[in-house]
Number of protein chains: 2
Amino acid sequence: MTKEVVPDIVIARLPRYLQCLNLMAKEGLHTVSSGVLAERLGTTAAQIRKDLSYFGGFGKQGSGYPIYSLIEALQEILNLDRIWQVAVVGAGDLGRALTRYQGFPRRGIEIKLLFDVDPKLVGTKVGSITIQHVDYLEKEIQHHGIKIGVLAVPAEYAQLMADRMVEAGIEGILSYAPVSLILPESVHAQHIDPVLQLQTMMYYLGED
Amino acid sequence: MTKEVVPDIVIARLPRYLQCLNLMAKEGLHTVSSGVLAERLGTTAAQIRKDLSYFGGFGKQGSGYPIYSLIEALQEILNLDRIWQVAVVGAGDLGRALTRYQGFPRRGIEIKLLFDVDPKLVGTKVGSITIQHVDYLEKEIQHHGIKIGVLAVPAEYAQLMADRMVEAGIEGILSYAPVSLILPESVHAQHIDPVLQLQTMMYYLGED
DNA sequence: TTAGATTTTATCAGTCTTTTCCATTTTCCG
DNA sequence: CGGAAAATGGAAAAGACTGATAAAATCTAA
(Lines give C-alpha, C1' and ligand atoms only; values in the text may rest on other atoms or scores of the structure.)
Protein backbone atom coordinates (compact mmCIF):
# COMPACT_ATOMS: atom_id res chain seq x y z
CA MET A 1 0.00 0.00 0.00
CA THR A 2 2.86 2.35 0.80
CA LYS A 3 4.10 4.03 -2.35
CA GLU A 4 7.59 2.60 -2.35
CA VAL A 5 10.20 5.14 -3.27
CA VAL A 6 12.09 4.40 -6.47
CA PRO A 7 15.81 5.17 -6.17
CA ASP A 8 17.02 8.10 -8.26
CA ILE A 9 19.59 5.92 -9.90
CA VAL A 10 16.87 3.66 -11.22
CA ILE A 11 14.98 6.61 -12.69
CA ALA A 12 18.15 7.77 -14.38
CA ARG A 13 18.48 4.41 -16.13
CA LEU A 14 14.95 4.27 -17.50
CA PRO A 15 15.51 6.73 -20.35
CA ARG A 16 18.38 4.58 -21.55
CA TYR A 17 16.18 1.52 -21.55
CA LEU A 18 13.59 3.44 -23.47
CA GLN A 19 16.11 4.64 -26.02
CA CYS A 20 17.26 1.11 -26.66
CA LEU A 21 13.72 -0.23 -26.84
CA ASN A 22 12.74 2.39 -29.39
CA LEU A 23 15.66 1.35 -31.51
CA MET A 24 14.64 -2.29 -31.26
CA ALA A 25 11.08 -1.43 -32.19
CA LYS A 26 12.40 0.34 -35.26
CA GLU A 27 14.29 -2.82 -36.11
CA GLY A 28 11.00 -4.67 -36.16
CA LEU A 29 11.35 -6.66 -32.95
CA HIS A 30 8.24 -7.32 -30.87
CA THR A 31 9.62 -8.98 -27.77
CA VAL A 32 12.85 -8.76 -25.86
CA SER A 33 14.26 -10.62 -22.89
CA SER A 34 16.08 -8.85 -20.12
CA GLY A 35 19.22 -10.72 -21.17
CA VAL A 36 19.24 -9.38 -24.71
CA LEU A 37 18.44 -5.87 -23.56
CA ALA A 38 21.20 -6.04 -20.99
CA GLU A 39 23.72 -7.03 -23.61
CA ARG A 40 22.82 -4.11 -25.85
CA LEU A 41 23.00 -1.70 -22.95
CA GLY A 42 26.13 -3.07 -21.37
CA THR A 43 24.44 -3.88 -18.07
CA THR A 44 23.06 -6.99 -16.40
CA ALA A 45 19.75 -8.75 -16.90
CA ALA A 46 19.05 -8.82 -13.18
CA GLN A 47 19.36 -5.09 -12.92
CA ILE A 48 16.94 -4.43 -15.73
CA ARG A 49 14.37 -6.80 -14.27
CA LYS A 50 14.74 -5.28 -10.82
CA ASP A 51 14.45 -1.76 -12.16
CA LEU A 52 11.31 -2.51 -14.14
CA SER A 53 9.74 -4.40 -11.28
CA TYR A 54 9.56 -1.21 -9.24
CA PHE A 55 6.72 -0.21 -11.50
CA GLY A 56 4.98 -3.53 -11.87
CA GLY A 57 5.34 -6.67 -13.90
CA PHE A 58 5.64 -5.74 -17.54
CA GLY A 59 7.18 -8.99 -18.67
CA LYS A 60 5.78 -12.33 -19.50
CA GLN A 61 7.55 -15.33 -18.07
CA GLY A 62 8.88 -17.55 -20.76
CA SER A 63 9.00 -14.97 -23.51
CA GLY A 64 10.23 -11.70 -22.07
CA TYR A 65 8.98 -8.14 -22.42
CA PRO A 66 6.63 -7.01 -25.18
CA ILE A 67 8.48 -4.07 -26.64
CA TYR A 68 5.56 -1.86 -27.60
CA SER A 69 3.72 -1.97 -24.34
CA LEU A 70 6.95 -1.60 -22.38
CA ILE A 71 7.76 1.53 -24.36
CA GLU A 72 4.34 2.92 -23.62
CA ALA A 73 4.62 2.08 -19.97
CA LEU A 74 8.03 3.73 -19.64
CA GLN A 75 6.83 6.80 -21.47
CA GLU A 76 3.97 7.12 -19.07
CA ILE A 77 6.18 6.59 -16.04
CA LEU A 78 8.60 9.26 -17.21
CA ASN A 79 5.77 11.60 -18.19
CA LEU A 80 6.87 11.62 -21.80
CA ASP A 81 3.36 11.25 -23.12
CA ARG A 82 3.17 14.95 -23.82
CA ILE A 83 5.26 17.77 -25.27
CA TRP A 84 7.56 19.52 -22.81
CA GLN A 85 8.40 23.10 -23.56
CA VAL A 86 11.86 24.35 -22.68
CA ALA A 87 13.54 27.74 -22.36
CA VAL A 88 17.18 28.13 -23.36
CA VAL A 89 19.24 30.91 -21.82
CA GLY A 90 22.33 31.84 -23.80
CA ALA A 91 22.41 32.01 -27.60
CA GLY A 92 26.10 31.49 -28.19
CA ASP A 93 27.49 28.59 -30.21
CA LEU A 94 26.08 26.09 -27.76
CA GLY A 95 22.69 27.65 -27.22
CA ARG A 96 22.12 27.94 -30.94
CA ALA A 97 23.29 24.40 -31.62
CA LEU A 98 20.90 23.10 -28.95
CA THR A 99 18.04 25.11 -30.37
CA ARG A 100 18.62 23.61 -33.80
CA TYR A 101 19.16 20.06 -32.50
CA GLN A 102 16.68 17.78 -34.21
CA GLY A 103 16.86 15.21 -31.44
CA PHE A 104 14.72 17.41 -29.20
CA PRO A 105 11.54 17.70 -31.27
CA ARG A 106 11.86 14.08 -32.24
CA ARG A 107 11.59 13.11 -28.60
CA GLY A 108 8.89 15.43 -27.38
CA ILE A 109 11.00 18.41 -26.37
CA GLU A 110 10.13 21.78 -27.81
CA ILE A 111 12.51 24.70 -27.46
CA LYS A 112 10.03 27.50 -27.01
CA LEU A 113 12.15 30.41 -25.79
CA LEU A 114 15.72 31.52 -26.38
CA PHE A 115 17.35 34.39 -24.52
CA ASP A 116 20.57 36.35 -24.69
CA VAL A 117 21.97 39.65 -23.49
CA ASP A 118 23.86 40.54 -26.66
CA PRO A 119 21.89 43.25 -28.50
CA LYS A 120 23.41 42.02 -31.76
CA LEU A 121 21.73 38.66 -31.27
CA VAL A 122 18.40 39.82 -29.88
CA GLY A 123 15.77 39.86 -32.60
CA THR A 124 17.59 37.42 -34.88
CA LYS A 125 16.18 33.97 -35.45
CA VAL A 126 17.53 30.49 -34.83
CA GLY A 127 15.36 28.16 -36.81
CA SER A 128 11.86 29.36 -36.03
CA ILE A 129 12.74 30.88 -32.65
CA THR A 130 13.46 34.57 -32.21
CA ILE A 131 16.14 35.40 -29.68
CA GLN A 132 14.75 37.60 -26.92
CA HIS A 133 16.54 39.80 -24.45
CA VAL A 134 17.03 38.26 -21.00
CA ASP A 135 15.18 41.21 -19.55
CA TYR A 136 12.01 39.39 -20.60
CA LEU A 137 13.08 36.06 -19.11
CA GLU A 138 10.75 36.02 -16.11
CA LYS A 139 7.78 37.41 -18.01
CA GLU A 140 8.03 35.02 -20.92
CA ILE A 141 8.69 31.93 -18.85
CA GLN A 142 5.72 32.69 -16.65
CA HIS A 143 3.53 33.52 -19.59
CA HIS A 144 4.20 30.17 -21.23
CA GLY A 145 4.20 28.27 -17.97
CA ILE A 146 7.53 26.67 -18.80
CA LYS A 147 9.01 24.38 -16.17
CA ILE A 148 12.34 23.37 -17.71
CA GLY A 149 15.29 25.62 -18.44
CA VAL A 150 18.58 24.99 -20.20
CA LEU A 151 21.58 27.06 -19.17
CA ALA A 152 24.09 27.77 -21.92
CA VAL A 153 25.82 30.88 -20.60
CA PRO A 154 29.37 31.52 -19.43
CA ALA A 155 30.23 30.30 -15.95
CA GLU A 156 30.15 33.74 -14.39
CA TYR A 157 26.51 34.35 -15.29
CA ALA A 158 25.22 30.86 -14.60
CA GLN A 159 24.21 31.28 -10.97
CA LEU A 160 22.47 34.58 -11.65
CA MET A 161 20.51 33.19 -14.56
CA ALA A 162 19.64 30.05 -12.62
CA ASP A 163 18.30 32.16 -9.78
CA ARG A 164 16.19 34.17 -12.19
CA MET A 165 14.81 31.06 -13.84
CA VAL A 166 13.87 29.60 -10.48
CA GLU A 167 12.25 32.88 -9.54
CA ALA A 168 10.23 32.69 -12.74
CA GLY A 169 8.90 29.26 -11.86
CA ILE A 170 11.39 26.91 -13.50
CA GLU A 171 11.50 23.56 -11.68
CA GLY A 172 14.23 21.75 -13.59
CA ILE A 173 17.52 23.05 -14.94
CA LEU A 174 19.91 21.40 -17.35
CA SER A 175 23.15 23.33 -17.06
CA TYR A 176 26.04 23.36 -19.48
CA ALA A 177 27.91 25.94 -17.43
CA PRO A 178 31.14 24.71 -15.84
CA VAL A 179 30.19 25.63 -12.28
CA SER A 180 28.28 24.09 -9.41
CA LEU A 181 24.97 25.81 -8.94
CA ILE A 182 23.40 26.42 -5.57
CA LEU A 183 19.69 25.83 -5.93
CA PRO A 184 16.66 25.16 -3.72
CA GLU A 185 16.02 21.51 -2.93
CA SER A 186 12.83 21.68 -4.90
CA VAL A 187 14.59 22.38 -8.18
CA HIS A 188 15.94 19.42 -10.12
CA ALA A 189 19.29 20.11 -11.68
CA GLN A 190 21.47 18.20 -14.07
CA HIS A 191 24.88 19.19 -15.29
CA ILE A 192 26.69 18.53 -18.52
CA ASP A 193 30.38 19.33 -18.62
CA PRO A 194 32.50 17.47 -21.12
CA VAL A 195 35.67 18.55 -19.38
CA LEU A 196 34.65 16.87 -16.14
CA GLN A 197 33.84 13.66 -17.97
CA LEU A 198 37.10 13.70 -19.84
CA GLN A 199 38.99 14.33 -16.62
CA THR A 200 37.34 11.32 -15.03
CA MET A 201 38.55 9.30 -17.96
CA MET A 202 42.09 10.61 -17.68
CA TYR A 203 42.45 9.03 -14.27
CA TYR A 204 42.04 5.61 -15.82
CA LEU A 205 44.07 6.34 -18.94
CA GLY A 206 46.99 7.66 -17.02
CA GLU A 207 48.84 4.46 -16.30
CA ASP A 208 51.03 4.36 -19.34
CA MET B 1 50.48 -2.40 1.29
CA THR B 2 47.55 -3.56 -0.80
CA LYS B 3 46.72 -0.79 -3.23
CA GLU B 4 43.15 -0.18 -2.15
CA VAL B 5 40.82 0.26 -5.07
CA VAL B 6 39.16 3.63 -5.28
CA PRO B 7 35.50 3.34 -6.28
CA ASP B 8 34.62 4.73 -9.71
CA ILE B 9 32.04 7.00 -8.20
CA VAL B 10 34.69 8.66 -6.08
CA ILE B 11 36.88 9.29 -9.13
CA ALA B 12 33.91 10.81 -10.92
CA ARG B 13 33.50 13.33 -8.11
CA LEU B 14 37.10 14.49 -7.99
CA PRO B 15 36.92 16.71 -11.10
CA ARG B 16 34.00 18.54 -9.56
CA TYR B 17 35.99 19.16 -6.40
CA LEU B 18 38.85 20.41 -8.50
CA GLN B 19 36.61 22.73 -10.47
CA CYS B 20 35.27 24.28 -7.31
CA LEU B 21 38.72 24.57 -5.74
CA ASN B 22 40.06 26.36 -8.81
CA LEU B 23 37.23 28.83 -8.55
CA MET B 24 37.99 29.42 -4.89
CA ALA B 25 41.65 29.91 -5.64
CA LYS B 26 40.70 32.53 -8.19
CA GLU B 27 38.65 34.23 -5.49
CA GLY B 28 41.80 34.55 -3.43
CA LEU B 29 41.08 31.93 -0.78
CA HIS B 30 43.95 29.91 0.62
CA THR B 31 42.23 27.38 2.81
CA VAL B 32 38.88 25.66 2.77
CA SER B 33 37.11 23.31 5.15
CA SER B 34 35.22 20.29 3.96
CA GLY B 35 32.06 21.93 5.24
CA VAL B 36 32.40 25.04 3.12
CA LEU B 37 33.39 23.03 0.06
CA ALA B 38 30.43 20.74 0.58
CA GLU B 39 28.05 23.65 0.71
CA ARG B 40 29.31 25.08 -2.55
CA LEU B 41 29.09 21.69 -4.21
CA GLY B 42 25.77 20.66 -2.78
CA THR B 43 27.14 17.57 -1.07
CA THR B 44 28.20 16.64 2.46
CA ALA B 45 31.40 17.35 4.33
CA ALA B 46 31.80 13.73 5.34
CA GLN B 47 31.70 12.57 1.78
CA ILE B 48 34.37 14.98 0.67
CA ARG B 49 36.64 13.99 3.54
CA LYS B 50 36.12 10.32 2.85
CA ASP B 51 36.75 10.74 -0.86
CA LEU B 52 39.96 12.66 -0.32
CA SER B 53 41.16 10.26 2.33
CA TYR B 54 41.43 7.51 -0.27
CA PHE B 55 44.49 9.32 -1.51
CA GLY B 56 45.98 10.41 1.78
CA GLY B 57 45.57 13.14 4.32
CA PHE B 58 45.60 16.49 2.59
CA GLY B 59 43.90 18.46 5.31
CA LYS B 60 45.01 20.01 8.55
CA GLN B 61 42.91 19.61 11.63
CA GLY B 62 41.53 22.86 12.89
CA SER B 63 41.93 24.79 9.66
CA GLY B 64 40.95 22.58 6.76
CA TYR B 65 42.53 21.97 3.36
CA PRO B 66 45.16 24.21 1.82
CA ILE B 67 43.64 25.01 -1.56
CA TYR B 68 46.76 25.25 -3.66
CA SER B 69 48.33 22.02 -2.63
CA LEU B 70 45.01 20.19 -2.80
CA ILE B 71 44.56 21.41 -6.37
CA GLU B 72 48.00 20.17 -7.26
CA ALA B 73 47.39 16.83 -5.59
CA LEU B 74 44.09 16.32 -7.40
CA GLN B 75 45.63 17.28 -10.72
CA GLU B 76 48.32 14.72 -10.22
CA ILE B 77 45.86 12.03 -9.17
CA LEU B 78 43.72 12.67 -12.24
CA ASN B 79 46.75 12.89 -14.52
CA LEU B 80 45.93 16.44 -15.47
CA ASP B 81 49.50 17.62 -15.16
CA ARG B 82 49.96 17.38 -18.88
CA ILE B 83 48.19 18.22 -22.14
CA TRP B 84 45.82 15.56 -23.45
CA GLN B 85 45.26 15.47 -27.17
CA VAL B 86 41.84 14.54 -28.44
CA ALA B 87 40.35 13.52 -31.80
CA VAL B 88 36.83 14.62 -32.70
CA VAL B 89 34.81 12.59 -35.19
CA GLY B 90 31.97 14.48 -36.81
CA ALA B 91 32.20 18.12 -37.85
CA GLY B 92 28.53 19.05 -37.78
CA ASP B 93 27.14 21.77 -35.57
CA LEU B 94 28.18 19.93 -32.46
CA GLY B 95 31.62 18.81 -33.58
CA ARG B 96 32.50 22.31 -34.68
CA ALA B 97 31.17 23.89 -31.49
CA LEU B 98 33.25 21.47 -29.43
CA THR B 99 36.33 22.18 -31.49
CA ARG B 100 35.93 25.90 -30.87
CA TYR B 101 35.08 25.52 -27.19
CA GLN B 102 37.54 27.58 -25.17
CA GLY B 103 36.99 25.51 -22.05
CA PHE B 104 39.08 22.68 -23.47
CA PRO B 105 42.42 24.43 -24.01
CA ARG B 106 41.94 26.27 -20.74
CA ARG B 107 41.86 22.97 -18.92
CA GLY B 108 44.60 21.06 -20.67
CA ILE B 109 42.62 19.49 -23.47
CA GLU B 110 43.81 20.02 -27.04
CA ILE B 111 41.59 19.13 -29.96
CA LYS B 112 44.18 17.86 -32.37
CA LEU B 113 42.17 16.11 -35.08
CA LEU B 114 38.72 16.64 -36.58
CA PHE B 115 37.14 14.26 -39.05
CA ASP B 116 34.06 14.16 -41.24
CA VAL B 117 32.77 12.29 -44.28
CA ASP B 118 31.20 15.27 -46.02
CA PRO B 119 33.48 16.29 -48.93
CA LYS B 120 32.13 19.83 -48.65
CA LEU B 121 33.56 20.05 -45.13
CA VAL B 122 36.84 18.22 -45.67
CA GLY B 123 39.66 20.68 -46.13
CA THR B 124 37.89 23.58 -44.44
CA LYS B 125 39.12 24.87 -41.12
CA VAL B 126 37.53 25.19 -37.71
CA GLY B 127 39.71 27.53 -35.73
CA SER B 128 43.18 26.29 -36.45
CA ILE B 129 42.15 22.70 -37.19
CA THR B 130 41.62 21.42 -40.72
CA ILE B 131 38.80 18.93 -41.15
CA GLN B 132 40.11 15.66 -42.52
CA HIS B 133 38.26 12.85 -44.21
CA VAL B 134 37.40 9.91 -41.94
CA ASP B 135 39.32 7.67 -44.33
CA TYR B 136 42.44 8.92 -42.56
CA LEU B 137 41.05 8.35 -39.08
CA GLU B 138 43.14 5.33 -38.15
CA LYS B 139 46.32 6.62 -39.70
CA GLU B 140 46.16 10.04 -38.08
CA ILE B 141 45.15 8.83 -34.65
CA GLN B 142 47.98 6.33 -34.63
CA HIS B 143 50.44 8.84 -35.97
CA HIS B 144 49.71 11.27 -33.15
CA GLY B 145 49.32 8.56 -30.53
CA ILE B 146 45.98 9.96 -29.45
CA LYS B 147 44.16 8.04 -26.73
CA ILE B 148 40.91 9.98 -26.37
CA GLY B 149 38.17 10.35 -28.96
CA VAL B 150 34.99 12.39 -29.03
CA LEU B 151 32.04 11.10 -31.03
CA ALA B 152 29.80 13.75 -32.56
CA VAL B 153 28.18 11.83 -35.39
CA PRO B 154 24.58 10.77 -36.03
CA ALA B 155 23.38 7.74 -34.10
CA GLU B 156 23.55 5.40 -37.06
CA TYR B 157 27.29 5.90 -37.58
CA ALA B 158 28.30 5.99 -33.93
CA GLN B 159 29.04 2.30 -33.41
CA LEU B 160 31.04 2.07 -36.62
CA MET B 161 33.12 5.10 -35.81
CA ALA B 162 33.63 3.91 -32.24
CA ASP B 163 34.89 0.57 -33.52
CA ARG B 164 37.31 2.29 -35.86
CA MET B 165 38.60 4.54 -33.13
CA VAL B 166 39.19 1.59 -30.84
CA GLU B 167 40.95 -0.20 -33.67
CA ALA B 168 43.19 2.82 -34.07
CA GLY B 169 44.22 2.70 -30.44
CA ILE B 170 41.74 5.01 -28.73
CA GLU B 171 41.28 4.05 -25.07
CA GLY B 172 38.60 6.50 -23.99
CA ILE B 173 35.51 7.71 -25.83
CA LEU B 174 33.22 10.58 -24.99
CA SER B 175 30.09 10.03 -27.04
CA TYR B 176 27.42 12.55 -27.87
CA ALA B 177 25.55 10.06 -30.03
CA PRO B 178 22.14 9.02 -28.72
CA VAL B 179 22.83 5.29 -28.71
CA SER B 180 24.41 2.75 -26.40
CA LEU B 181 27.79 1.69 -27.69
CA ILE B 182 29.13 -1.81 -27.37
CA LEU B 183 32.80 -1.55 -26.58
CA PRO B 184 35.58 -3.71 -25.17
CA GLU B 185 35.94 -3.64 -21.40
CA SER B 186 39.30 -1.99 -21.78
CA VAL B 187 37.84 1.14 -23.36
CA HIS B 188 36.49 3.79 -21.05
CA ALA B 189 33.31 5.34 -22.35
CA GLN B 190 31.22 8.26 -21.22
CA HIS B 191 27.97 9.42 -22.76
CA ILE B 192 26.39 12.83 -23.01
CA ASP B 193 22.79 12.94 -24.12
CA PRO B 194 20.77 15.95 -23.07
CA VAL B 195 17.53 14.21 -23.97
CA LEU B 196 18.18 11.42 -21.49
CA GLN B 197 18.94 13.91 -18.76
CA LEU B 198 15.83 15.93 -19.50
CA GLN B 199 13.74 12.79 -19.49
CA THR B 200 15.10 11.84 -16.08
CA MET B 201 14.01 15.26 -14.90
CA MET B 202 10.54 14.89 -16.37
CA TYR B 203 9.83 11.98 -14.06
CA TYR B 204 10.16 14.29 -11.08
CA LEU B 205 8.42 17.25 -12.67
CA GLY B 206 5.42 15.25 -13.73
CA GLU B 207 3.33 15.47 -10.59
CA ASP B 208 1.41 18.61 -11.39
C1' DT C 1 -0.87 -33.50 -23.77
C1' DT C 2 3.40 -33.42 -21.71
C1' DA C 3 8.37 -32.61 -20.92
C1' DG C 4 11.87 -29.49 -21.14
C1' DA C 5 13.70 -25.03 -21.99
C1' DT C 6 13.20 -20.21 -21.24
C1' DT C 7 12.24 -16.28 -18.64
C1' DT C 8 10.06 -13.38 -15.21
C1' DT C 9 9.16 -12.40 -10.34
C1' DA C 10 10.03 -12.23 -5.54
C1' DT C 11 13.12 -12.80 -1.91
C1' DC C 12 17.31 -12.86 0.24
C1' DA C 13 22.26 -12.43 0.79
C1' DG C 14 26.19 -9.82 -0.25
C1' DT C 15 28.60 -5.84 -1.64
C1' DC C 16 29.31 -1.22 -2.16
C1' DT C 17 28.41 3.72 -0.32
C1' DT C 18 27.29 6.87 2.75
C1' DT C 19 26.78 8.54 7.24
C1' DT C 20 27.81 8.72 12.03
C1' DC C 21 30.80 8.89 15.80
C1' DC C 22 34.82 10.09 18.14
C1' DA C 23 39.74 10.78 19.23
C1' DT C 24 43.15 13.93 18.01
C1' DT C 25 45.07 18.07 16.43
C1' DT C 26 45.06 22.87 15.38
C1' DT C 27 43.37 27.48 15.71
C1' DC C 28 41.31 31.31 17.95
C1' DC C 29 40.49 34.46 21.61
C1' DG C 30 40.38 36.39 26.06
C1' DC D 1 48.92 30.65 28.56
C1' DG D 2 44.70 27.92 28.68
C1' DG D 3 40.22 26.64 27.36
C1' DA D 4 36.71 26.54 23.82
C1' DA D 5 35.75 25.92 19.08
C1' DA D 6 36.81 24.04 14.65
C1' DA D 7 38.31 20.57 11.73
C1' DT D 8 40.37 16.20 9.99
C1' DG D 9 40.76 11.13 9.54
C1' DG D 10 39.78 6.56 10.77
C1' DA D 11 36.60 2.97 12.38
C1' DA D 12 32.27 1.25 12.53
C1' DA D 13 27.39 1.36 11.73
C1' DA D 14 23.65 2.11 8.72
C1' DG D 15 21.76 2.29 4.40
C1' DA D 16 21.25 1.53 -0.48
C1' DC D 17 21.97 -1.01 -4.39
C1' DT D 18 23.21 -5.19 -6.91
C1' DG D 19 23.57 -10.00 -7.75
C1' DA D 20 22.07 -14.69 -6.89
C1' DT D 21 18.63 -18.15 -6.10
C1' DA D 22 14.33 -20.52 -6.05
C1' DA D 23 9.65 -20.67 -7.58
C1' DA D 24 6.13 -19.89 -10.91
C1' DA D 25 4.55 -19.11 -15.51
C1' DT D 26 4.85 -19.55 -20.46
C1' DC D 27 6.31 -21.33 -24.72
C1' DT D 28 7.91 -24.96 -27.98
C1' DA D 29 8.10 -29.22 -29.93
C1' DA D 30 7.20 -33.93 -30.26
Side-chain angles (χ1 to χ4, degrees), chain A residues 1-17 20-21 24 29-71 73-74 77 185 200 203-204, chain B residues 1-17 20-21 24 29-71 73-74 77 185 200 203-204:
Chain A
M1 196 68 255
T2 52
K3 184 177 122 200
E4 190 181 4
V5 173
V6 182
D8 290 350
I9 195 167
V10 172
I11 301 300
R13 281 192 292 259
L14 297 184
R16 296 191 54 227
Y17 299 167
C20 196
L21 288 165
M24 289 173 156
L29 299 174
H30 290 245
T31 297
V32 67
S33 71
S34 56
V36 172
L37 192 54
E39 198 174 350
R40 298 254 306 227
L41 286 164
T43 177
T44 66
Q47 183 164 77
I48 292 176
R49 289 200 298 271
K50 183 82 166 84
D51 286 353
L52 295 178
S53 74
Y54 278 103
F55 304 95
F58 302 110
K60 210 150 92 183
Q61 293 165 336
S63 62
Y65 296 88
I67 292 185
Y68 278 96
S69 55
L70 184 53
I71 287 175
L74 285 175
I77 290 165
E185 291 273 329
T200 300
Y203 171 83
Y204 297 101
Chain B
M1 195 66 253
T2 52
K3 184 176 123 198
E4 189 180 4
V5 174
V6 182
D8 290 350
I9 196 164
V10 172
I11 301 301
R13 281 193 291 259
L14 297 185
R16 297 190 52 227
Y17 298 168
C20 196
L21 289 165
M24 288 173 157
L29 299 174
H30 291 246
T31 297
V32 66
S33 70
S34 57
V36 171
L37 192 53
E39 199 174 350
R40 298 256 305 228
L41 286 165
T43 178
T44 65
Q47 183 165 77
I48 291 176
R49 288 203 300 273
K50 180 87 167 94
D51 286 352
L52 295 178
S53 74
Y54 279 102
F55 304 95
F58 302 110
K60 207 153 93 185
Q61 293 166 331
S63 63
Y65 296 88
I67 292 185
Y68 278 96
S69 56
L70 183 53
I71 286 174
L74 286 175
I77 290 165
E185 290 273 331
T200 299
Y203 171 83
Y204 297 102

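Lettering of chains follows the sequences in order, A, B, ..., and the numbering in each one begins at 1.
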Please determine if a side-chain N or O atom of [X] lies less than 4.0 Å away from the OP1 or OP2 oxygen of [N].
X	N	result
B:R49	C:dT20	no
B:Y65	D:dG9	yes
A:K60	D:dC27	yes
A:S34	C:dT7	no
A:S53	C:dT9	no
B:Q47	C:dT18	yes

Whole-Å gap separating [atom2] ([N]) and [atom1] ([X]):
X	N	atom1	atom2	value
B:I48	D:dG9	CD1	P	12 Å
A:L70	C:dT8	CG	C1'	13 Å
B:F55	D:dG9	CZ	C1'	15 Å
B:K50	C:dC16	NZ	P	13 Å
B:D51	C:dT17	CG	P	11 Å
A:L52	C:dT7	CG	C1'	14 Å
B:E39	D:dA6	CD	P	15 Å
B:Y54	C:dT18	OH	P	8 Å

Minimal non-hydrogen separation, [X] against [Y], with atom names:
X	Y	value
A:V32	A:L37	CG2-N, 4.0 Å
B:P15	A:T200	CG-OG1, 3.6 Å
B:L41	B:R16	O-NH2, 3.3 Å

Qualifying residue for side chain to side chain donor-acceptor pair (under 3.5 Å) with A:T43, from A:E39, A:R40, A:Q47: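 Filter result, single survivor: A:Q47.
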
Does atom OH of A:Y68 have more than 12 heavy-atom neighbours, drawn from other residues, nucleotides or ligands, at distances under 6.0 Å?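 Not more than 12 within 6.0 Å, no.
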
Report yes or no: is there a donor-acceptor pair, N or O only, under 3.5 Å between the side chain of A:Q61 and the base of C:dT8?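 Donor-acceptor pair under 3.5 Å: yes.
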
Listed nucleotide nearest any side-chain atom of A:S33, set D:dG19, C:dT7, C:dT20: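 When the side chain of A:S33 is considered, C:dT7 is the closest of D:dG19, C:dT7, C:dT20.
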
